[in-house]
A.B. asks: 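To start, I am sharing the structure in question, which I have written as C-alpha cells.
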There are 2 protein chains.
Amino acid sequence: MASIPTATVSRLVTYLRILSQLDEAEVTRTSSEHLAGEAHVSAFQVRKDLAYFGKFGTRGAGYSVQTLRQELMRILGLTRPWNVAIVGMGRLGEALAVYPNLARYDFQLTSAFDVDPAKVGREVNGVRIRHADEIPAAVSDLKIDIALLTVPSEAAQDAANALAAAGVTGILNFAPTVIDAPPGAYVEPVDFLAGLKRLSFYIQRSKAKEATT
Amino acid sequence: MASIPTATVSRLVTYLRILSQLDEAEVTRTSSEHLAGEAHVSAFQVRKDLAYFGKFGTRGAGYSVQTLRQELMRILGLTRPWNVAIVGMGRLGEALAVYPNLARYDFQLTSAFDVDPAKVGREVNGVRIRHADEIPAAVSDLKIDIALLTVPSEAAQDAANALAAAGVTGILNFAPTVIDAPPGAYVEPVDFLAGLKRLSFYIQRSKAKEATT
DNA sequence: ATATGTGAATTGATTCACAGCG
DNA sequence: CGCTGTGAATCAATTCACATAT
C-alpha cells in the first residue's frame, strides 16, 4: 500500500473543514479549484491528495460536497467516536476539558488524570479527575483510544509510556519536548512555543533583510 | 540568500531546547550525534541544518554547548525580547496569559484584547484587557510584535488583518481555520484539532491493517 | 465544454560519503 | 584519529500537461 505523505494527511483535514463549512452553507457541489483556493494550495495538490485514496469526483462536474465530506471522514477515521482522556489537569488540561469542539467531532472526553491529590476527585465537565495511578485500569475499562498529554515536559515520556502500555494508541503531546512514540502508539506534537520561536525567526529575518536594502 | 526549509527552522528550535537542557545540566560540549539522538533525526540532518547558517563546531571535538546555544538563539531571533499580545480572552487566551514559559523565553505579554464588554477592564497576569477597537492605537504604542490569536474561527481573518494593519508582524493562529497571511505579517498555525484528526487517521489505518493480516 | 485523474517532469529535501581541519 | 562541514546522489513531494470521462 502506498505510503501517504504526512503533509497530505494534514491537508485532508483542512479539506474536510472546508467541506463542512460548505455543507453548513448548503452548497452542494465544489471543485478542486475552489478547495485549493480555500486551503491555500494548488488544485493539482488537492487532486493528487485525493488520488491516494480513490476517485471521488465526476469529470466535468467536480465533487459533491456531501459525498466528498463523507469520504474524507471515513478516510480520517472520523465516522466513529473516539474515547479521549486528558492527562495533566493544569490550566491547559482544564481549558481542553471544556473545549466544545472536541465533542462536536466525536472525540468523547471520558476521563481525566492528575498526580496532584488536591485535584483528584474534583469534576470537570462531568468527568471525575482520577489519580494517574489509575491509568492502567481506567484506560482498559473505558477503552480510551487517545490521550491529550498536558503534563510538564519532564513527566511527558513516562506518562506516554504508561498510557501506551495501558492500551492508548494515540497521544497528542502538548509538552514542549520531543517524546519517543512508545510501541503501539502514535504521537502528534502540539507545540505552540515552537511555533512562536519559528515566528521569531521569520520576523527577525525579514527585518534583517529590510536593513540591508 | 539560500532559502531555509521550514522543517529546518522547526528542528533548530528543537536543537535549541536540547542545548538549553544540556546547559542546565552543566554539560559543556556535545556532538551532532548526540543532538541527533535527542531530536530524533539523523546526525547528517543536524549538520546540514546548521550549515545553512555557518560553522559552529570544531572538527574532531564537536560543539560547545554554550556557543551553539547562543548562536541558535541569535539565528532564531531570541536574543531580544518580543512584545506579545493575546487577542481573544476566552479560556485558551487566559491559559496562555498565565503560561510561565512565555516570559522565560523573553516573550513579554504586554497587552490583551477582547470584544466582550464584560471582559474589558479586567486584569490577567498584570495586564489589563482592552477592547479590540483599541488594537490600532495599542499595537503602535506598545510596539507589539506578535499576537496570539485565540478568537473564534469566523473572526480570525478580520482580526489578523486588523493586527497586521496596526503593525503586528507575527501571528500565532490558534483558530481551527486557515487564514491568509496579511501583507507584512507571518502566520503560524497551532491547530490541535487538526493534530487530533491526524491521530485518528493513523490509528484507524493501523487498525485496518491489523484486521487484514 | 469542463474539470477530474494520473503518468512524467521538476523541484526540493534528505541521505550519504568523504574531504578537511583540529 | 575523530567529528565537522559539504558537494554529489538518492529519495520524496509537488507541479505540470494532458488524456479521459461526463
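Chain A is the first sequence line, chain B the second, and so forth, proteins listed ahead of strands; every chain is numbered from 1. It should be emphasised that the depicted structure is a prediction, and the values quoted were computed from it without experimental measurement.
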A.B. asks: Using a cut-off of less than 4.0 Å, is there contact between a side-chain N or O of Lys55(A) and OP1 or OP2 of dT6(C)?
C.D. replies: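 Affirmative; the distance criterion is met.
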A.B. asks: Taking Glu188(A) for its side chain and Ile171(A) for its backbone only, find out whether a donor-acceptor pair lies under 3.5 Å.
C.D. replies: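 Checked: no pair found.
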A.B. asks: Give a yes or no on whether the backbone of Leu193(A) and the side-chain of Asp191(A) come within a donor-acceptor separation of less than 3.5 Å.
C.D. replies: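 Flag set: sc Asp191(A) to bb Leu193(A) pair under 3.5 Å.
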A.B. asks: So, Thr177(A) and Arg17(B): side-chain donor and acceptor under 3.5 Å apart, yes or no?
C.D. replies: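 On atom types as modelled, these side chains do not qualify, holding no pair under 3.5 Å.
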A.B. asks: Can I get a per-line list of side-chain donor-acceptor pairs under 3.5 Å for residues 76-93 of chain B, giving both atom names and the distance, sequence neighbours left out?
C.D. replies:
{"unit_1": "Trp82(B)", "atom_1": "NE1", "unit_2": "Ser200(A)", "atom_2": "OG", "d": "2.9"}
{"unit_1": "Trp82(B)", "atom_1": "NE1", "unit_2": "Gly77(B)", "atom_2": "O", "d": "2.9"}
{"unit_1": "Asn83(B)", "atom_1": "ND2", "unit_2": "Leu142(B)", "atom_2": "O", "d": "3.4"}
{"unit_1": "Asn83(B)", "atom_1": "ND2", "unit_2": "Lys143(B)", "atom_2": "O", "d": "3.1"}

A.B. asks: Does any donor atom in the side chain of Ser64(A) or Arg29(A) lie under 3.5 Å from an acceptor atom in the other side chain?
C.D. replies: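 Side chains of Ser64(A) and Arg29(A): no pair found under 3.5 Å.
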A.B. asks: Does a nitrogen or oxygen in the side chain of Gln45(B) sit under 4.0 Å from OP1 or OP2 of dT15(C)?
C.D. replies: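 Answer yes for this pair, as a side-chain N or O of Gln45(B) is under 4.0 Å from OP1 or OP2.
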A.B. asks: For Phe56(B) and dG22(C), what is the distance between atoms CZ and P respectively, to the nearest whole Å?
C.D. replies: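 After rounding, the gap between these two atoms is 17 Å.
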A.B. asks: Which nucleotides of nucleotides 17-22 of chain D have their base under 4.0 Å from a protein heavy atom (B), which only their sugar-phosphate (S), and which neither (-), written as one string 5' to 3'?
C.D. replies: B-BBBB
A.B. asks: Just to be sure I understand the geometry, which residues of residues 22-43 of chain A put a non-hydrogen atom under 4.0 Å away from DNA chain C?
C.D. replies: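 Residues of residues 22-43 of chain A under 4.0 Å from DNA chain C: Ser31(A), Ser32(A).
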A.B. asks: Among pairs that include at least one residue of residues 165-194 of chain A, which meet ring pair (Phe, Tyr, Trp, His ring centres under 6.0 Å), considering only residues two or more places apart or in two chains?
C.D. replies: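 Passing the test, one end in residues 165-194 of chain A: Phe174(A)-Phe192(B), Tyr186(A)-Tyr202(B), Phe192(A)-Tyr99(B), Phe192(A)-Phe174(B).
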A.B. asks: Leu50(A) has an atom CG; how far is it from atom P of dT6(C), in whole Å?
C.D. replies: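 One finds 11 Å between P of dT6(C) and CG of Leu50(A), rounded.
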A.B. asks: Rounding to an integer number of Å, can you tell me how far Lys48(A) NZ sits from dT15(D) C1'?
C.D. replies: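 Answer to the nearest Å: 9 Å.
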A.B. asks: Could you pull out the closest heavy-atom pair between Leu96(A) and Leu102(A), with the gap in Å?
C.D. replies: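 What the structure gives for the nearest pair is O-CD1, 3.5 Å.
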A.B. asks: Tell me which residues in residues 63-75 of chain A lie within less than 4.0 Å of DNA chain C, going by non-hydrogen atoms.
C.D. replies: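 Within residues 63-75 of chain A, the residues near DNA chain C are Tyr63(A).
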A.B. asks: I'd like a table of donor-acceptor pairs (distance under 3.5 Å, sequence neighbours excluded) in which one partner is a side-chain atom from residues 159-166 of chain A, with atom names and distances.
C.D. replies:
{"unit_1": "Asn161(A)", "atom_1": "OD1", "unit_2": "Gln157(A)", "atom_2": "NE2", "d": "3.0"}
{"unit_1": "Asn161(A)", "atom_1": "ND2", "unit_2": "Gln157(A)", "atom_2": "O", "d": "3.4"}

